[in-house]
Number of protein chains: 2
Amino acid sequence: MKIALSYATMGIFFCGLTLTLINPRRSRRSSGRTTLADVAAAAGVSPITVSRALRGERSVDPQLAERVHQAARQLGYVPDPAARALASQRSTQVLVLVPLLSNALFVDLLEAVHRTLFPQGFQPLIGVTHYDSAEEELLLRTYLPHRPAGLLVTGFDRSEDARQLLAGSGVPCVHLMETSTAPGTACVGFSQVGAGEAITRHLVERGRRRIAFCAAQLDPRVLQRAEGYRRCLRAAGLYDPRLEVLSAERSSMALGARLFEDMLQRLPDIDAIFFCNDDIAQGGLLAAARLGVAVPGRIAIAGFNDLAGSDQMVPPLTTIRTPRSEVGRAGATMLLELMRGEAAPRCIELDYELVVRGST
Amino acid sequence: MKIALSYATMGIFFCGLTLTLINPRRSRRSSGRTTLADVAAAAGVSPITVSRALRGERSVDPQLAERVHQAARQLGYVPDPAARALASQRSTQVLVLVPLLSNALFVDLLEAVHRTLFPQGFQPLIGVTHYDSAEEELLLRTYLPHRPAGLLVTGFDRSEDARQLLAGSGVPCVHLMETSTAPGTACVGFSQVGAGEAITRHLVERGRRRIAFCAAQLDPRVLQRAEGYRRCLRAAGLYDPRLEVLSAERSSMALGARLFEDMLQRLPDIDAIFFCNDDIAQGGLLAAARLGVAVPGRIAIAGFNDLAGSDQMVPPLTTIRTPRSEVGRAGATMLLELMRGEAAPRCIELDYELVVRGST
DNA sequence: CTGAAAGCGCTTACAG
DNA sequence: CTGAAAGCGCTTACAG
């Protein structure tokens with residue numbers, strides 16, 4: 001029989017012993033983390049009482065609750081989200097689906113959502129769809145099994161399968177950026193049509209007569225702005241379908257510049273352009289500067305959203321300030337109510353604002 | 001006794017009956033989802049065999065595995081991530097911590113990370129720190145208990161507590177955007193110092209002698225670029241500390257414009273400005289246009305990162321194209337290897353590129 | 001108000 | 001290669 005043990009072996013031996021003494025019942029599979037049971041033992045109550053106290057259920061004696069909280073604090077107890085999700089069939093994550101992160105609009109939206117949800121114990125889980133319904137579906141298929149506590153999605157345009165996944169999940173869902181009158185639908189948005197109409201009207205009021213509409217991406221909200229443009233110009237007797245330039249390409253400053261040059265050439269008599277988004281408007285403005293085209297002298301330029309930099313352009317860009325932060329905040333707040341079962345789905349329509357600057 | 005039952009009551013009655021007939025053993029707490037046990041029953045094997053087959057463990061007879069896969073497909077089985085995470089002590093989410101979403105740099109990084117991780121079965125979980133170490137710590141405290149499979153963090157600058165949380169978690173972690181020689185550290189970045197030096201050298205080579213450095217945000221990477229600027233100018237005998245304009249404010253086009261105007265006034269003899277980021281550089285460029293200051297005639301302007309729009313400026317902006325997508329891809333790939341235990345932590349240094357345009 | 005029991009749906013650790 | 005048992009750390013559903 002070998003008597004000498006190596007230090008390493010002794011170390012392991014003593015560690016094992018120590019562990020055993022402190023925690024005689026720690027199983028081989030234990031993760032080592034402090035559990036509800038540990039807190040219960042320390043507080044001298046049952047685990048379920050700890051669970052209730054920590055979740056703030058009021059059916060717990062205040063004195064007991066206090067003892068539990070103290071024990072939890074002392075032991076540095078942190079609930080295991082996976083165990084919680086498994087037992088309750090609900091996680092504390094909120095899936096937020098946006099089309100793009102490269103559009104500052106959605107970054108502002110996400111900021112507001114985070115600021116609203118996170119302090120209330122819910123964590124936004126960001127999914128980017130790239131304006132692709134197949135991607136959105138895949139995200140839903142991937143994340144719905146995680147049983148998110150809530151869902152925040154952009155607009156109403158999605159595949160039938162995605163729609164059914166949403167409905168079938170039973171997870172509270174708020175639609176952002178657009179409004180709908182469909183009963184039972186929760187949404188927070190503003191009138192894209194109205195905003196498109198408003199900025200077009202501004203151009204008309206400035207005395208412009210050949211007002212073009214230039215759009216990229218062509219998502220539903222862009223098309224609604226187009227509708228507002230048409231409405232306004234029809235009413236003014238100025239509508240000419242040839243002045244609509246629609247590109248399915250991804251929106252960007254470079255694209256805006258290119259489209260601006262095209263339009264100047266193909267439609268030499270236009271005296272104003274309403275760009276569906278500030279980034280292509282900024283590109284158009286810069287192209288004008290490059291080409292020596294006077295803005296607003298020769299041509300007026302208007303954008304949409306009031307993104308970063310629009311106020312810095314030369315001349316500064318007239319645009320519509322969209323309430324995306326408010327949409328994020330109000331949408332998240334509504335979701336909070338729905339998740340708590342405090343309110344029924346409803347629809348909130350927020351205001352936009354016409355911001356007149358030097359480009360018109 | 002009342003004989004007549006309302007339709008509603010009968011509906012409920014029959015529903016319950018149907019459910020009972022189909023699923024005699026479904027417990028009261030069942031979530032209704034198809035489980036491993038259902039697949040096992042359908043395939044005529046034990047649940048553990050299903051688990052192994054579905055995870056692709058090779059210690060399963062190919063025939064059995066095939067039968068399992070078929071059954072799973074037919075039943076539309078989707079594993080429960082919470083149960084999986086609880087049993088295995090590891091989720092499939094990868095926590096990604098970035099300072100800001102409003103800097104396009106990090107959006108590009110996140111895109112690349114998502115494209116690399118998602119197809120491999122891992123889901124990025126985005127956390128935004130706002131360059132605030134307390135926020136980063138809070139995010140870590142919130143998300144680490146979820147037992148992410150991996151961690152992707154920006155740079156090395158964090159609180160001691162955050163550092164210990166990272167180290168203590170035992171979760172594989174890759175640091176992005178900076179490099180380090182510390183042993184055992186995994187990182188993917190590029191030389192911020194070198195890049196700052198390179199663009200300053202370009203200005204020197206263009207014949208500029210009073211070259212200013214203008215920075216905002218002042219995060220570690222910005223300061224490293226400043227160091228590159230100094231190194232270059234010292235070597236050229238052109239360094240003058242009065243030409244460093246450092247603002248702790250958040251970087252933006254508006255701030256760039258303001259700082260540009262200040263500098264022109266306070267430092268009338270400067271003939272070039274190296275802005276630490278393209279957004280303030282763009283702001284400076286636009287301010288120059290507004291003020292009628294000739295670029296590069298009177299003053300040369302250079303930026304950093306090559307963000308969207310820099311090529312559209314008038315004149316287009318000279319800058320450093322940073323490899324953020326490559327950093328994201330390579331970082332995520334390295335993390336994948338670490339999570340699979342296929343590789344040891346190491347450090348990858350990528351290349352940047354000087355992009356000379358009209359502004360210098 | 002409190003608790004013992006059972007269960008959520010997986011995987012680990014042993015056996016064979 | 002396959003499986004029965006136990007366990008991951010919580011909450012639900014009953015009882016009292």
Side-chain angles (χ1 to χ4, degrees), chain A residues 23 25-68 72 75-92 121 144-147 149, chain B residues 23 25-68 72 75-92 121 144-147 149:
Chain A
N23 255 314
R25 297 207 214 103
R26 277 272 183 265
S27 89
R28 205 171 282 89
R29 280 188 68 182
S30 162
S31 63
R33 73 197 299 161
T34 303
T35 70
L36 211 55
D38 297 329
V39 178
V45 298
S46 76
I48 182 59
T49 297
V50 176
S51 170
R52 287 200 266 247
L54 260 28
R55 276 176 300 138
E57 270 193 24
R58 62 168 139 280
S59 68
V60 179
D61 180 278
Q63 286 214 335
L64 266 196
E66 180 46 33
R67 223 161 74 208
V68 167
L75 297 178
Y77 170 68
V78 182
D80 182 325
R84 197 167 247 191
L86 180 59
S88 70
Q89 300 293 338
R90 214 131 233 54
S91 83
T92 55
L144 247 19
H146 289 242
R147 301 203 176 267
Chain B
N23 255 315
R25 298 204 215 105
R26 278 276 183 260
S27 90
R28 206 172 281 89
R29 281 187 66 180
S30 163
S31 64
R33 73 196 299 162
T34 303
T35 69
L36 212 55
D38 297 328
V39 179
V45 298
S46 76
I48 182 58
T49 298
V50 176
S51 170
R52 287 200 267 246
L54 260 28
R55 277 176 299 137
E57 269 193 25
R58 60 167 139 281
S59 69
V60 179
D61 180 278
Q63 286 213 336
L64 266 196
E66 179 48 33
R67 222 161 76 207
V68 167
L75 296 179
Y77 170 69
V78 181
D80 182 325
R84 197 167 247 190
L86 180 59
S88 71
Q89 300 293 339
R90 212 127 235 55
S91 84
T92 56
L144 247 19
H146 288 244
R147 300 202 177 266

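This is a predicted model, so every value here is computed, not measured. Sequence lines set the chain letters: A, B, ... in the order given, protein chains first and strands last, and positions in each chain run from 1.
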statement: When every non-hydrogen atom of Gly121(B) is compared with those of Thr92(B), the smallest separation belongs to O-CB, 3.5 Å
- line: Looking only at heavy atoms, the pair that brings Ala149(A) and Ser91(A) closest together is CB-O, 3.2 Å
To the nearest 0.5 Å, what is the distance between [atom1] ([X]) and [atom2] ([Y])?
| X | Y | atom1 | atom2 | value |
| --- | --- | --- | --- | --- |
| Thr49(B) | Glu57(B) | OG1 | CD | 10.0 Å |
| Arg147(A) | Leu86(A) | CZ | CG | 9.5 Å |
| Gln89(A) | Asp80(B) | CD | CG | 6.5 Å |

Between [atom2] on [N] and [atom1] on [X], what's the gap in Å once rounded to a whole number?
| X | N | atom1 | atom2 | answer |
| --- | --- | --- | --- | --- |
| Arg84(B) | dC8(C) | CZ | P | 18 Å |
| Gln89(A) | dC10(D) | CD | P | 16 Å |
| Asp61(A) | dG3(C) | CG | P | 10 Å |
| Leu36(B) | dG7(C) | CG | P | 18 Å |
| Leu54(A) | dG9(D) | CG | P | 16 Å |
| Arg147(A) | dC10(D) | CZ | C1' | 15 Å |
| Arg55(B) | dG9(C) | CZ | P | 18 Å |
| Leu86(B) | dC10(C) | CG | P | 12 Å |

- prompt: Taking Val50(B) as the fixed residue, which of Val45(B), Leu64(B), Thr35(B), Val60(B) is the one that meets the side chain to side chain contact (heavy atoms under 4.5 Å, CB included) rule?
  reply: Val45(B)
statement: Among dT2(C), dG7(D), dA4(D), the one nearest any side-chain atom of Ser46(B) is dA4(D)
Backbone of Ala43(B) reached by a side-chain donor or acceptor of Arg67(B) within 3.5 Å: yes
Between the protein and nucleotides 13-16 of chain D, which nitrogen or oxygen pairs come in under 3.5 angstrom?
from	atom 1	to	atom 2	distance (Å)
dC14(D)	OP1	Arg28(B)	NE	2.7

query: So which one's nearest nucleotide on DNA chain D is more toward 5', Pro47(B) or Ala83(B)?
result: Pro47(B)
Side-chain N or O of [X] less than 4.0 angstrom from OP1 or OP2 on [N]?
| X | N | answer |
| --- | --- | --- |
| Arg90(B) | dT12(C) | no |
| Arg33(A) | dC10(D) | no |
| Thr49(A) | dG3(C) | yes |
| Thr35(B) | dG9(C) | no |

Any side-chain heavy-atom pair of Leu36(B) and Val39(B) under 4.5 Å: no
task: Would you indicate whether the side-chain heavy atoms of Pro145(B) and Arg33(A) approach each other to under 4.5 Å?
output: yes
field: Stems formed with participation of DNA chain D [Watson-Crick or G-U wobble, under 3.5 Å, three or more pairs]
entry: C:1-3 with D:14-16, C:5-12 with D:5-12, C:14-16 with D:1-3
